[in-house]
Number of protein chains: 2
Amino acid sequence: MKKITINDVAKHAGVSKKTISRVLNNEANVSPDTKLKVHSAFDSLGYRPNPQARALASNQSFLIGLVYSSPSNSFVSKIQSGALKRCKADGYNLIIYPEDHENDYLLANLERGLISANLDGIILTPPFSDMKPLLDFLSEKKIPFIRVGGDLSINASPSVYSNDAEASYEMCRYLVSLGHTKIAFIMGHPDHAASHQRLIGYKKALSEAGIEIRDTFIQQGYFTFESGEDCARRLLSQEDRPTAIFASNDYMAAGIIKVASQKNLFIPNDLTVTGFDNAPASRYIWPSLTTIKQPITDMAFEAARMLIRIVRNKPLENNIVTFKDELIVRESSAPAPKVS
Amino acid sequence: MKKITINDVAKHAGVSKKTISRVLNNEANVSPDTKLKVHSAFDSLGYRPNPQARALASNQSFLIGLVYSSPSNSFVSKIQSGALKRCKADGYNLIIYPEDHENDYLLANLERGLISANLDGIILTPPFSDMKPLLDFLSEKKIPFIRVGGDLSINASPSVYSNDAEASYEMCRYLVSLGHTKIAFIMGHPDHAASHQRLIGYKKALSEAGIEIRDTFIQQGYFTFESGEDCARRLLSQEDRPTAIFASNDYMAAGIIKVASQKNLFIPNDLTVTGFDNAPASRYIWPSLTTIKQPITDMAFEAARMLIRIVRNKPLENNIVTFKDELIVRESSAPAPKVS
DNA sequence: TTTTAACTTGACACCGGTGTCACCACATGA
DNA sequence: TCATGTGGTGACACCGGTGTCAAGTTAAAA
């Protein structure tokens, strides 16, 4: 029941440790003969290399860190699965760092955590992708990292990115095409770069359509269900209320639906509500939400792929990779009600 | 910019490596004097021990595996955060293994993955907590594991557990207390031990209340939104339809609400719907769901705590720890409608 | 005072791999 | 023929810690 080590395999195959190591790492210049012998030794002994020993000797850890704040379970789940898929395929393990980004000691704690695990590289998701002190820290410590969905202007490091402004713009154009002119917007958490992008798209679409942008129609939300409720109350109690509300994520949209239902507004006939993110809840609530689907899983996969290339000193094809969002029309949107 | 190793610290503090190691591991019998010297060396050098080297030398990896199938993002998120909290506190890293439990090659793949990471211990969540071949494999390989929410009868290994049958029983008693007699039940995925427990609680409560158990009121669901819709359609198209439907999880309950709404049944007045799990969506949908809250995070925390004790050869206070579920009453339940 | 036990410390081998380099056999070109 | 290159291999040091054990010092017991 003793653990099988490289020495056992070497003895069994009648070659040196080093040759075993060569086969293990698929190095060139091993004769087909020896390769065969070694592989059969692997099989008959059931050998599994010790990852820690390998890590120590080769000065790598085969560990990738994934840092995220967790406002949305579905976002986290997609990020994890995308990153994990690529990591496992390349023999890396993923260590997760869910962090409360509003914690005062965040940076110190996080930095200590990241350093002490001896990670080969780090995947940063919003809002960490935009934390300059963190980026600087990692650069200084020469720990490779890649940013997902951050603000491209603040740092030139490799990024995976989806065009939030454009997606938001398309959503608004869709609402305009339904005949809406009184379109309200609920912003996301100000710490997220995406929140600003989404607002930009909204303003652009309205301007282009010749619709006046009213300050009272723009409310500050925080990505939570409750903040959606609050904003909805404020919007729907206005004299001249909007006929469509576009929330910066689905949870806030769900909050709107709740408030609207309580006010006996029938969705979508009396009020169109749309969200962003395509969270599972957007399908589960009734009416189901018109929303924007971001290819989060694909983005995370690509981020991991790029990061691993960086770690292995292979050149990157592109420093920045952009993904396209998709408008998903469901039941919560309808043409604007006729003015009575 | 070179990495600081234990040798550097030893030189700086004027003691041997071994003494540094002693301080690092809080071993007894180090004089306060040396301890101080060593600590100040730590600080001035900014020393972080290399976890891989430590792992190799001490024949531990300080890695805990968490295996789960992911039907529900919120479940996963809670499990992760509970386990992670305890692991980080004890200096362990958590490696996640999200697995599709219906995959044919599951066992082979999973076993290979678990073995090759050289984990110190493994946390098993449903339905893996009940996979006998897997449990046997781990026992044979002498890899410590702990089961969360499994069937206690199939294996005597350490477990953390919450009484699903009892919670389900309480939910049904609550429905009975509201005057419901036509109470339907949607079962969960048959691979999950909890599904059977929840059914048991349902039957027990109805029997005790003197309510006949009708086969047509018990439908097979699979924990998905869609399966909830299907079952709801079958239940609500019956001649003598139920006045309350208790679904084995919240996603299925959401499916019921959707179907009921489409049939113009007003919830809760015309139909009471309740769920299980207290998923975030249960708050976000309208009306919000009456459901059962399981202390998943606490359970995972406790599981990690126990596992780490096992790994460290410390005795367990209890081999099996039970947690109590909680009934959460929200808007989707109301007294049974008067018979007209 | 002497003996014994307890505390403190360091030398050194070792964990299980990889990197470096030297070596041999054989093919190639001058 | 001899110098040169190249594919294939192993010896050995080394990665950065921990375990074992022996030895020196100090305190407690006789």
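Computed from a prediction, not measured in an experiment: that's the story for all the values here.
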Using whole Å, report how far [atom1] of [X] lies from [atom2] of [N].
X	N	atom1	atom2	value
A:Glu27	D:dG10	CD	C1'	13 Å
A:Asn59	C:dT20	CG	P	12 Å
B:Asn50	D:dT18	CG	P	10 Å
A:Phe62	D:dC15	CZ	C1'	13 Å
A:Gln60	D:dG16	CD	C1'	16 Å
B:Lys3	D:dC14	NZ	C1'	17 Å
B:Asn7	C:dC12	CG	C1'	13 Å
A:Ile20	C:dG19	CD1	C1'	17 Å

Nearest-nucleotide pick for [X], side chain only, options being [options]:
X	options	result
A:Ser21	C:dG16, D:dG17, C:dT18	C:dT18
B:Lys17	C:dT20, D:dT18, C:dT9	D:dT18
B:Lys18	C:dG17, D:dT20, D:dT9	D:dT20
B:Val15	D:dG17, C:dG10, C:dG16	C:dG10
B:Arg22	C:dT18, D:dT20, C:dG16	D:dT20

Under 4.0 Å from OP1 or OP2 of [N]: is there any side-chain N or O of [X] that close?
X	N	result
B:Ser31	C:dC7	no
A:Asn29	D:dT6	no
B:Ser16	C:dG10	yes
B:Thr19	C:dG10	yes
A:Thr34	D:dT9	yes

Query raised in the report: Yes or no on side-chain contact (heavy atoms from CB on, under 4.5 Å) for B:Val148 and B:Tyr161, after CA distance, side-chain angles and deciding distance?
Result: CA-CA 6 Å; B:Val148 176; B:Tyr161 167 82; over 6 Å; no
Requested in this report: Could you tell me how the ring of A:His101 sits relative to the ring of A:His189: parallel (under 30°), tilted (30 to 60°) or perpendicular (over 60°)?
Outcome: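 Perpendicular.
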Query raised in the report: Across the strands shown, which category fits A:Pro51 at heavy-atom distances under 4.0 angstrom: base, sugar-phosphate, nothing?
Result: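 No contact at all - A:Pro51 keeps every heavy atom at 4.0 Å or more from the nucleic acid.
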Report summary line: Sorted by position of nearest nucleotide on DNA chain C, 5' first, the leading residue of A:Tyr47 and B:Val30 is B:Val30
Query raised in the report: Given the rule in the salt bridge (Lys or Arg N to Asp or Glu O under 4.0 Å) test, do B:Arg147 and B:Asp130 qualify, once you have shown the distances and angles that lead to the verdict?
Result: CA-CA 8 Å; B:Arg147 300 162 61 217; B:Asp130 293 318; 3.1 Å; yes
Query raised in the report: Is it true that A:Arg305 and A:Glu317 have a side-chain N and a carboxylate O under 4.0 angstrom from each other?
Result: yes
Requested in this report: Look at the side chain of B:Thr297 and the backbone N and O of B:Gly82, then say whether any donor-acceptor pair between them is shorter than 3.5 Å.
Outcome: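 Checking the backbone N and O of B:Gly82 against the side chain of B:Thr297, no donor-acceptor pair under 3.5 Å is found.
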